[in-house]
Amino acid sequence: MNKLAFETEDLSPPMNADQQTQKQRADIEEFARYIQIVGRGQRSGRYLTQQEAYHAMLLLLEQRILPEQEGAFLMLLRVREESIDEISGFTLACRETLHTPFNGLSVDLDVGAYAGKRRQLPWFLLALATLAQQGVNILLHGTAEPHSQRLYAKQVLKQLNIMLCDNPIQARAQLTQTHFCYVDLKHLHPKLYRVIQLRDVFGLRSCANTLARLLNPCSAPYSLQGVHHRHVDYKHMMVTKQLADANTLCFRGDGGEPEYNPTTATDFHLSRSASTSIVNSPANMRWAIKDTSLDIHDLPRLFNGTISHTYGEEAVTGTLASMLMLINKDSFSHSREAASAMWNARNKQRLFT
């Protein structure tokens, strides 16, 4: 994972009360300047540099600013949208404040699931289960937003009696036994989790959801990211290029999750240690009928072969192919053939167990 270019060791002695007050005022004044930069509009405003963005997010995560400033900053960014330099700086700050024992876990593939599903079940979970059977250690992290009507991965796993790991001991045991573990963001990065939960106050998402996807908390050599909006996949690729992340793949997945949608053409955005490429895949199905209801138990039923589901199987093998393309550095067509063979040869009795 990329090191901070402007990180310095603080060797200064502890501050007294007056010095702390002065420092708080200085932080508030400095953050006010960042708000002015992003809020002045198209004519006189500008984007933050990567270093400015890094410092601004550091102040925000550590709550060294006023609550009013936090809300103004996040919502101004929401309206204007963040630049690649800004997201890069924010990500660096998030990674630096990731002081957690989870970063000692041995993880091969990092996957973030922060969008939730509405139209389809989270079929990508079956792709993860299939890949985990091959001995690939997978960390899935995410959370659920307040008052959202979406179906989140953590809710599905919990209802399927698959353990959600609260601490690194549980996570390490799960990885050893099943090569898969799920850890909620509130355990991985409580400060970033707090910002995501502010949707309950704003009624809108902030850039925190993007940053959580880019976090890669265990410094896994491979990272898979799904997004919803057009051009955000390109931004992710350019951010990971700036940060020189080893191997990342981002694409517009169903509902914004890391799940291949067989009914639409997909552009896979790859970044490998500052080298980027885009792989195009045409739609594999013309259309799909939306299920009348999302029955979570259709996931294990499809996995163990009790039911058939054309869309679900295409979503699973397509998602699995994207992960194999990332890890094996092969073409998508070859990866899809390998994914189909892997899916057909799966142990149908082992869904994360």
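Note that these values count all heavy atoms, side chains included, but never hydrogens, waters or copies made by symmetry.
Residues Val111 and Tyr222 share a single hydrophobic cluster, defined by chaining ILVMFWY side chains whose heavy atoms lie under 4.5 Å apart. Hydrophobic clustering (side-chain heavy atoms under 4.5 Å, transitive across Ile, Leu, Val, Met, Phe, Trp, Tyr) keeps Val227 apart from Tyr260. Both Val239 and Leu58 belong to a single network of hydrophobic side chains, linked directly or stepwise wherever heavy atoms of I, L, V, M, F, W or Y lie under 4.5 Å apart. Under the 4.5 Å side-chain heavy-atom criterion for ILVMFWY residues, a single connected hydrophobic cluster contains both Met323 and Trp343. A continuous path of Ile, Leu, Val, Met, Phe, Trp and Tyr side chains, each step under 4.5 Å between heavy atoms, connects Leu294 with Leu299, placing both in one hydrophobic cluster.
Taking 4.5 Å as the limit, some side-chain heavy atom of Arg272 sits within range of a side-chain heavy atom of Leu326. The shortest side-chain heavy-atom distance between Asn261 and Arg252 does not fall under the 4.5 Å cut-off. Within the 4.5 Å cutoff, the side chain of Ile138 has no heavy atoms near those of the Asp108 side chain. Proximity of Thr317 to Met342: side-chain heavy atoms (C-beta onward) are nowhere separated by under 4.5 Å. Here the side chains of Phe124 and Leu320 are not in contact, with every heavy-atom distance at 4.5 Å or above. Between Leu249 and His269 there is no side-chain heavy-atom pair separated by less than 4.5 Å. Contact check for Asn137 versus Leu109: no side-chain heavy atoms found under the 4.5 Å cut-off. Counting only heavy atoms from C-beta outward, the side chains of Ile196 and Ser206 never approach each other to under 4.5 Å.
Residues Asn280 and Asp267 have side chains that bring a donor and an acceptor to within less than 3.5 angstrom of each other. No hydrogens or angles considered: a donor-acceptor pair under 3.5 Å links the side chains of Asp85 and Gln242. Between Glu145 and Asn209, the side chains place a donor N or O and an acceptor N or O closer than 3.5 Å (distance only, hydrogens not considered). Asp254 and Gln120 form no side-chain donor-acceptor contact under 3.5 Å, judged by distance and modelled atom types alone. Under the 3.5 Å distance criterion, with hydrogens and angles disregarded, no donor-acceptor pair is assigned to the side chains of Asp245 and Thr240. If you check the side chains of Thr97 and His189, you find a donor sitting under 3.5 Å from an acceptor.
A salt bridge between Lys117 and Glu259 is present, with a side-chain N of the basic residue lying under 4.0 Å from a carboxylate O of the acidic one. Using a 4.0 Å cut-off between a side-chain N of Lys or Arg and a carboxylate O of Asp or Glu, Lys154 and Asp184 qualify as a salt bridge. With salt bridges taken as basic N to acidic carboxylate O contacts below 4.0 Å, none links Lys235 and Glu86.
Rounding to the nearest 0.5 Å places CG of Asp233 at 12.5 Å from CE of Met238. Interatomic distance, Leu59 CG to Ile65 CD1, rounded to the nearest 0.5 Å: 6.5 Å. One distance of note links CG of Leu214 with SG of Cys250; it measures 7.5 Å at 0.5 Å rounding. The CD1 atom of Ile278 sits 13.0 Å away from atom OG1 of Thr266, with the distance rounded to the nearest 0.5 Å. Here SG of Cys94 is found 4.5 Å from CG of Leu211. Values are rounded to the nearest 0.5 Å. Between the SG atom of Cys218 and the CG atom of Asn103 there is a distance of 7.0 Å, given to the nearest 0.5 Å.
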Can you check side-chain contact (heavy atoms from CB on, under 4.5 Å) on His297 and Arg301, steps first, answer last? CA-CA 6 Å; His297 293 90; Arg301 291 178 189 132; 3.6 Å; yes
side-chain contact (heavy atoms from CB on, under 4.5 Å) assessment of Thr310 paired with Met285: CA-CA 9 Å; Thr310 303; Met285 294 176 62; 4.1 Å; yes
Taking it one step at a time, do Cys165 and Tyr182 satisfy side-chain contact (heavy atoms from CB on, under 4.5 Å)? CA-CA 6 Å; Cys165 300; Tyr182 176 93; over 6 Å; no
Set out, in order, the CA-CA distance, both residues' side-chain angles and the distance that settles side-chain hydrogen bond (donor to acceptor under 3.5 Å, both in side chains) for Gln133 and Asn347, then state yes or no. CA-CA 8 Å; Gln133 287 187 5; Asn347 182 341; 5.2 Å; no
Between Thr248 and Leu224, is a side-chain contact (heavy atoms from CB on, under 4.5 Å) present by the stated rule, with each step listed? CA-CA 6 Å; Thr248 64; Leu224 182 72; over 6 Å; no
Walk me through whether Glu96 and Tyr54 qualify under side-chain hydrogen bond (donor to acceptor under 3.5 Å, both in side chains). CA-CA 10 Å; Glu96 182 182 324; Tyr54 157 78; 2.6 Å; yes
Kindly determine whether Tyr114 and His141 satisfy ring-ring contact (aromatic ring centres under 6.0 Å, His included), including the steps that lead there. CA-CA 8 Å; Tyr114 289 89; His141 52 96; 5.6 Å; yes
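Counting only distance, with no hydrogens or angles, the side chain of Arg118 and the backbone of Gln149 share no donor-acceptor pair below 3.5 Å. Remark: the backbone N or O of Ala26 is not paired with any side-chain donor or acceptor of Glu29 at under 3.5 angstrom.
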Under 3.5 Å, sequence neighbours excluded: what are the donor-acceptor pairs made by side chains of residues 32-40?
residue	atom	partner	partner atom	Å
Arg33	NH2	Glu30	OE2	3.1
Tyr34	OH	Glu30	OE2	3.0
Tyr34	OH	His55	ND1	2.7

Determine all donor-acceptor pairs shorter than 3.5 Å in which one atom belongs to a side chain in residues 67-79; sequence neighbours excluded.
residue	atom	partner	partner atom	Å
Gln69	OE1	Leu66	N	3.0
Gln69	NE2	Ile28	O	2.9
Glu70	OE1	Arg194	NH1	3.3
Glu70	OE2	Arg194	NH1	3.2
Glu70	OE2	Arg194	NH2	2.6
Arg78	NH1	Arg205	O	3.1

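Considering all non-hydrogen atoms of both residues, Ser281 and Phe332 come closest at OG-CE2, 3.2 Å. Across every non-hydrogen atom of Leu48 and Ser83, the tightest pair is O-OG, 4.3 Å. Summarising the geometry of Leu140 relative to Ala153, their closest heavy-atom pair is CD2-CB, 4.3 Å, with the distance given to 0.1 Å. Considering all non-hydrogen atoms of both residues, Ala212 and Leu185 come closest at CB-CD2, 4.1 Å. Of all the heavy atoms in Ser88 and Leu243, the pair that sits closest is O-CD2, 4.1 Å. When all heavy atoms are compared, the tightest approach of Val316 to Ala127 is O-CB, 3.6 Å.
Each of Arg80, Glu52, Glu82 was evaluated against Tyr47; a single residue qualifies, Arg80, per the side chain to side chain contact (heavy atoms under 4.5 Å, CB included) test.
Among residue pairs with one or both ends in residues 165-183, none qualify as salt bridge (charged side-chain N to carboxylate O under 4.0 Å, His left out); sequence neighbours excluded.
Under the 30°/60° scheme for interplanar angles, the aromatic rings of Phe352 and Phe180 are found to lie parallel.
Within a 6.0 Å radius of OH in Tyr234, other residues, nucleotides and ligands contribute 12 heavy atoms or fewer. Within a 6.0 Å sphere centred on CD of Glu81, heavy atoms belonging to other residues, nucleotides or ligands number 12 at most.
For Arg346 and Phe303, the positive end sits near the middle of the six-membered ring, less than 6.0 Å away and at most 45° from its axis.
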